[in-house]
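All ligand and atom numbering here is 1-based and tracks the order in the structure.
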Amino acid sequence: MITLRNIEKFYGSLPVVKGVSLEIRKGEVVCLVGPSGSGKSTLLRCINNLEALSGGEILLEGERVYYDWSPHGLKRHSASRIAQIRARLGMVFQDFNLFPHMTALQNVMEGPVQVLGVKKDEARARALALLQRVGLAERSDHYPDELSGGQKQRVAIARALAMKPEAMLFDEPTSALDPELVHEVLSVMRELRDDGMTMIIATHEMNFAREVADRIIFLDGGLIVEDSPPSVFFEANASVRKDSFLRNLSRR
Ligand SMILES: Nc1ncnc2c1ncn2[C@@H]1O[C@H](COP(=O)(O)OP(=O)(O)O)[C@@H](O)[C@H]1O
Ligand SMILES: [Mg+2]
């Protein structure tokens with residue numbers, strides 16, 4: 001469903017993603033792990049076009065997105081076409097990125113009304129249903145300031161789902177949370193998995209990755225060094241780099 005072909009990303013002359021190829025099937029859950037600075041966020045941001053690619057291409061359902069080849073080289077799609085494509089991928093960030101001046105309900109309604117042109121009554125009803133689904137029906141009139149981190153992140157997930165995405169991208173969704181709030185976000189993600197949502201999840205939650213992932217991808221220095229099911233990933237004979245990465249995590 002999502003195809004990455006030789007994705008490269010440079011910041012100035014600094015290569016951060018160095019040629020990543022990946023095929024993600026519909027309904028698959030892929031966890032992206034690796035040391036800080038290995039390029040996880042950059043790769044997710046490239047998939048959602050929050051960053052322009054330096055090289056390679058991205059296909060959704062076999063169709064090249066964001067760019068097309070022209071006789072003069074790569075040409076960016078129009079802004080409106082890119083906005084439509086981006087709406088097919090929901091994104092959840094480490095630091096929630098909610099609109100602070102809007103209630104939970106308004107946050108969830110905003111995209112459908114502004115981007116998809118859904119009527120307000122319909123958007124409100126769907127937003128309430130989504131807030132209920134993430135366990136926040138009674139918090140719908142609260143502002144982000146009045147919510148815990150776990151609640152904010154669940155609003156952010158509801159907001160992404162409101163766009164009816166075909167896949168969800170998560171960038172360390174629990175890293176900014178107090179430890180006791182992590183489980184409420186992970187359990188919402190677990191339910192999404194059970195509903196068959198395609199997901200790419202950058203995370204340091206190894207137990208969660210082991211439980212929900214179909215594949216775990218270990219990124220190091222902007223390259224995929226391993227792509228395997230959890231049963232293989234957590235085998236004893238790990239590479240030296242992976243071994244030290246996993247050890248460092250368990251020491252935190
Ligand atoms: N906007 C940027 N400008 C310059 N360098 C960046 C930018 N964003 C990320 N980087 C660099 O790219 C590398 C990968 O970062 P990132 O994708 O955030 O890794 P991860 O999410 O795995 O921690 C890091 O060395 C980081 O400093
Ligand atoms: Mg990151």
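- With salt bridges taken as basic N to acidic carboxylate O contacts below 4.0 Å, one links Arg154 and Glu184.
- For residues 23-35, the side chain to side chain donor-acceptor pair (under 3.5 Å) pairs, not counting sequence neighbours, are Thr3-Glu23, Arg25-Glu28, Glu28-Arg215.
- Using a cutoff of 4.0 Å between basic side-chain nitrogens and carboxylate oxygens, Glu63 and Arg81 are scored as salt-bridged.
- For the pair Cys46 and Ile58, the tightest heavy-atom approach, listed with the atom from each and the gap, is O-CD1, 3.4 Å.
- Closer than 4.0 angstrom to ligand 1 lie heavy atoms from Tyr11, Val16, Pro35, Ser36, Gly37, Ser38, Gly39, Lys40, Ser41, Thr42.
- With respect to Leu43, the side-chain contact (heavy atoms from CB on, under 4.5 Å) criterion is satisfied by exactly one of Ile200, Leu4, Ile224: Leu4.
- Counting only distance, with no hydrogens or angles, the side chain of Asn107 and the backbone of Thr103 share a donor-acceptor pair below 3.5 Å.
- In terms of modelled atom types and a separation under 3.5 Å, the side chain of Asp214 and the main chain of Val29 share a donor-acceptor contact.
- Within the structure, every pair that satisfies the salt bridge (Lys or Arg N to Asp or Glu O under 4.0 Å) test and touches residues 125-144, not counting sequence neighbours, is listed here: Arg133-Asp195.
- Pro35 is listed as a side-chain neighbour of Asp220, based on a closest heavy-atom distance under 4.5 Å.
- The Mg ion (ligand 2) has Ser41 OG as its protein N, O or S neighbours under 2.8 Å.
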